[in-house]
S.K.: 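Below you'll find the structure I mean.
Lettering follows sequence order; numbering is per chain, from 1.
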Number of protein chains: 2
Amino acid sequence: MTRPTMEDVARVAGVSRALVSLVMNGSPKVSEQRRKAVLDAAEQLGYSPHAMARSLASRTSTVLGVMVSDLHNAFFAEVVDGIDEVAQAEGFELIINTGGRSPARERRAVNGLLAFRPAGLALLGPVVPPTTLAEAASQAPTVLVARSSRLSTLDTVNDDGEAGSGLAVDHLVSLGHTEIAHLDGGVGSQAPQRRRGYIAAMQRHGLTPRVIPSEYTDIAGAKAVRQLLGQGPLPTALVAANDFNAVGAISALEEAGLRVPQDMSVVGYDNTSLAGLRHVSLTTIDQPRHEIGRLAGEALVQRVRGERTEPVKRLLHPSLVVRSTTQARS
Amino acid sequence: MTRPTMEDVARVAGVSRALVSLVMNGSPKVSEQRRKAVLDAAEQLGYSPHAMARSLASRTSTVLGVMVSDLHNAFFAEVVDGIDEVAQAEGFELIINTGGRSPARERRAVNGLLAFRPAGLALLGPVVPPTTLAEAASQAPTVLVARSSRLSTLDTVNDDGEAGSGLAVDHLVSLGHTEIAHLDGGVGSQAPQRRRGYIAAMQRHGLTPRVIPSEYTDIAGAKAVRQLLGQGPLPTALVAANDFNAVGAISALEEAGLRVPQDMSVVGYDNTSLAGLRHVSLTTIDQPRHEIGRLAGEALVQRVRGERTEPVKRLLHPSLVVRSTTQARS
DNA sequence: TCTATTTGTTGGAGCGCTCCAATGCTGTAA
DNA sequence: TTACAGCATTGGAGCGCTCCAACAAATAGA
């Protein structure tokens with residue numbers, strides 16, 4: 001199981017180890033004849049360079065460390081996919097671990113990544129304190145996803161949750177709605193931004209905001225609606241905290257004999273695969289998850305290459321996806 | 001940005017580099033006094049060992065390579081999560097890349113992982129030909145997930161798709177159903193197993209199988225049902241290819257004025273987050289995704305440690321999750 | 001013709017670590 | 001006293017590679 005080394009290839013090809021190194025790195029100053037001899041020998045022996053030895057000797061790294069706070073979450077899985085796309089295109093490898101939402105575990109995860117002296121670090125939805133972020137950033141170029149930070153050593157990439165809620169409100173207003181309530185995401189990440197965006201948009205339109213406490217689950221969405229039903233005058237439209245919350249809300253509405261969208265329009269948030277099902281067909285706000293990943297990857301690569309030293313704080317524009325749960329006010 | 005090395009720590013602590021190495025690896029034969037001096041020096045300098053240098057020098061690796069054919073797929077994301085759990089517990093790191101469902105890209109992905117001389121390799125849903133699998137397995141202990149192989153050098157971990165469909169049929173039969181059709185998954189992975197399981201279970205109960213061609217999407221599920229509606233006598237129950245297919249089927253049934261489960265029982269497959277939504281509340285078959293990941297991780301660790309040399313072919317038992325889309329035949 | 005320059009090739013040092021044989025040391029038995 | 005453990009500690013070789021200075025050979029310029 002012991003694999004051939006550069007030394008072995010050199011011996012078979014009848015050249016020096018240094019020449020093999022040049023060939024492996026595609027140096028132009030190698031004669032065609034020798035290059036062929038080396039490649040043949042490598043092929044014959046089944047040789048491929050040892051990435052760690054190369055990294056050690058060259059004092060460079062092609063590894064990007066990725067800490068995912070929660071891989072269960074489809075959002076992060078798609079972000080990783082976006083980072084991976086850039087990494088593959090630019091010749092980097094991803095080394096991933098997860099933090100399990102606990103600051104202590106997350107810290108250990110980040111240190112585990114740093115032990116590989118990665119070229120860069122991407123932290124997806126980290127829950128560690130800012131000092132830990134600063135510490136990480138001092139060891140390797142770092143990009144933060146789904147968490148903002150004012151630290152000037154960190155790049156950040158985020159969805160503009162405020163703008164997203166604004167889009168939802170604008171859409172409903174354009175359909176003639178004026179009584180629009182928001183089912184709040186509570187402690188969920190991005191929930192404050194979404195609430196602020198909702199309130200700001202309502203005020204911009206001269207309407208009165210109405211925030212119903214809820215959470216990022218379908219159960220909570222249903223509960224919030226049942227509560228709303230017992231509270232006097234109903235709104236004609238809902239801006240839900242996210243898609244799950246929206247689906248819960250819709251089923252509670254239907255149970256109460258209200259039809260969506262005839263009696264109530266509902267907008268979700270996230271454009272999960274759920275929203276696209278024809279059975280659900282939910283009007284929602286699309287967060288460009290893959291794009292977020294790609295931008296995070298690109299930000300990292302730029303820093304690693306020294307093409308940029310200024311921090312980048314990117315706020316991505318979400319977009320409205322109109323499906324069948326919204327219609328003009330009757 | 002250049003980090004301290006063992007040499008630096010040794011100088012500060014006033015000991016040799018070798019002693020620092022012993023301390024870092026928790027050797028028992030180091031005096032308390034020196035150990036403390038070393039740890040203090042390390043702390044002061046912010047030193048942490050260089051994982052790649054360690055790996056190179058010790059000729060061992062703590063890296064597990066994971067090739068995911070498709071990270072978009074929630075199934076694989078959860079499997080990775082399971083592998084990660086074992087890896088963290090056993091002191092391994094995961095290095096991940098994706099194959100994008102193309103054999104050529106997948107091959108490159110696997111070679112990229114092998115360049116790091118990982119201790120083991122996990123291939124999740126690979127589409128490469130068996131020879132490539134054999135090649136990979138000859139370089140590092142390898143476990144295959146969501147793909148079977150008779151190769152004796154490979155461990156495999158799979159869900160028992162045949163048993164899963166069998167559970168669905170048994171459940172429906174126990175509810176008094178005899179006209180049970182299967183919406184087939186076509187070219188989807190595991191679809192043949194599910195079909196075979198359905199047919200075998202029907203025959204076991206002395207019933208006539210009826211397979212309707214379809215696919216793993218809600219659109220296809222709806223289409224298959226519309227086709228079924230125009231084809232004479234209806235079954236009273238459906239075993240769908242997967243959850244998405246089932247949801248599509250249900251919405252087509254409802255559009256046609258049939259109620260689920262009163263007029264038609266429907267069973268899904270996969271127990272995705274979708275199925276659990278109260279709005280959907282789909283009776284389905286649960287694949288132990290996390291468990292699959294854990295077992296894959298464990299299989300790998302065992303091989304890496306040399307605790308086992310025999311190949312392991314694990315077939316996990318899926319389980320039935322009864323929700324609201326099935327009821328006794330009226 | 002002889003010296004410069006270019007081109008292709010090579011040996012060796014070194015990346016940060018581990019591991020082994022060898023070292024000095026203290027304590028105990030003869 | 002000498003011999004011999006037993007123990008903590010150390011120097012050095014080496015993991016597989018890169019990179020640099022040095023080199024021989026071929027080419028160009030005078």
S.K.: Quick one: is Arg34(B) getting a side-chain N or O under 4.0 Å of the dT9(D) phosphate, OP1 or OP2?
M.R.: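 Yes, because at least one side-chain N or O of Arg34(B) sits under 4.0 Å from OP1 or OP2 of dT9(D).
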
S.K.: Rounded to the nearest Å, what distance is computed from the CG atom of residue Leu19(A) to the C1' atom of nucleotide dG12(C)?
M.R.: 16 Å

S.K.: Please enumerate all protein N or O atoms sitting under 3.5 Å from an N or O of nucleotides 14-22 of chain D, with distances to 0.1 Å.
M.R.:
| unit_1 | atom_1 | unit_2 | atom_2 | d |
| --- | --- | --- | --- | --- |
| dC15(D) | O2 | Ala57(B) | N | 3.3 |
| dC17(D) | OP1 | Tyr47(A) | OH | 2.6 |
| dC17(D) | OP1 | His50(A) | N | 3.0 |
| dC17(D) | OP2 | Met6(A) | N | 2.4 |
| dT18(D) | OP1 | Asn25(A) | ND2 | 3.0 |
| dT18(D) | OP1 | Arg54(A) | NE | 3.0 |
| dT18(D) | OP2 | Ser21(A) | OG | 2.6 |
| dT18(D) | O4 | Arg17(A) | NH2 | 3.1 |

S.K.: Any N/O pairs under 3.5 Å between the protein and nucleotides 23-26 of chain C? List them or say none.
M.R.:
none

S.K.: Using side chain to side chain contact (heavy atoms under 4.5 Å, CB included) as the criterion, point out the one residue from Asp155(A), Leu133(A), Leu124(A) that pairs with Leu144(A).
M.R.: Leu133(A)

S.K.: Separation of Glu32(A) atom CD from dT7(C) atom P, in whole Å?
M.R.: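 Going from Glu32(A) (CD) to dT7(C) (P), I get 16 Å.
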
S.K.: Just how far is it from atom CD1 of Ile95(B) to atom CG of Leu121(B), taken to the nearest 0.5 Å?
M.R.: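 Atom-to-atom, Ile95(B):CD1 and Leu121(B):CG are 10.5 Å apart.
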
S.K.: So for atom CZ, which belongs to Arg105(B), do other residues, nucleotides or ligands contribute more than 12 heavy atoms lying within a distance under 6.0 Å?
M.R.: yes

S.K.: Per the end-axis method with five pairs at each terminus, what is the bend angle of the helix from dT1(C)-dA30(D) to dA30(C)-dT1(D), to 10°?
M.R.: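 Angle reported: 60°, given to the nearest ten degrees.
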
S.K.: Taking Lys36(B) for the side chain and Ser31(B) for the main chain, is one N or O donor matched with an acceptor at less than 3.5 Å?
M.R.: no

S.K.: Got a sec: does the CD of Glu43(A) have more than 12 other heavy atoms crowding it under 6.0 Å?
M.R.: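 Not buried by this count: 12 neighbours or fewer within 6.0 Å.
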
S.K.: Could you check whether Glu7(A) pairs with Arg11(A) (Lys NZ or Arg NE/NH1/NH2 to Asp/Glu carboxylate O, under 4.0 Å)?
M.R.: no

S.K.: Using modelled atom types only, decide if a donor and an acceptor are shared between the side chain of Asn97(A) and the backbone of Met67(A) within a distance under 3.5 Å.
M.R.: no

S.K.: Is any side-chain N of the basic residue among Arg294(A) and Glu298(A) closer than 4.0 Å to the acidic one's carboxylate O?
M.R.: yes

S.K.: Taking Arg303(B) for the side chain and Ala140(B) for the main chain, is one N or O donor matched with an acceptor at less than 3.5 Å?
M.R.: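 Flag not set: sc Arg303(B) to bb Ala140(B) has no pair under 3.5 Å.
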
S.K.: Could you walk me through whether Arg147(B) and Ser189(B) satisfy the side-chain hydrogen bond (donor to acceptor under 3.5 Å, both in side chains) test, starting with their C-alpha distance in whole Å, then the side-chain angles of each, then the deciding distance to 0.1 Å, before giving a yes or no?
M.R.: CA-CA 8 Å; Arg147(B) 162 148 180 196; Ser189(B) 94; over 6 Å; no

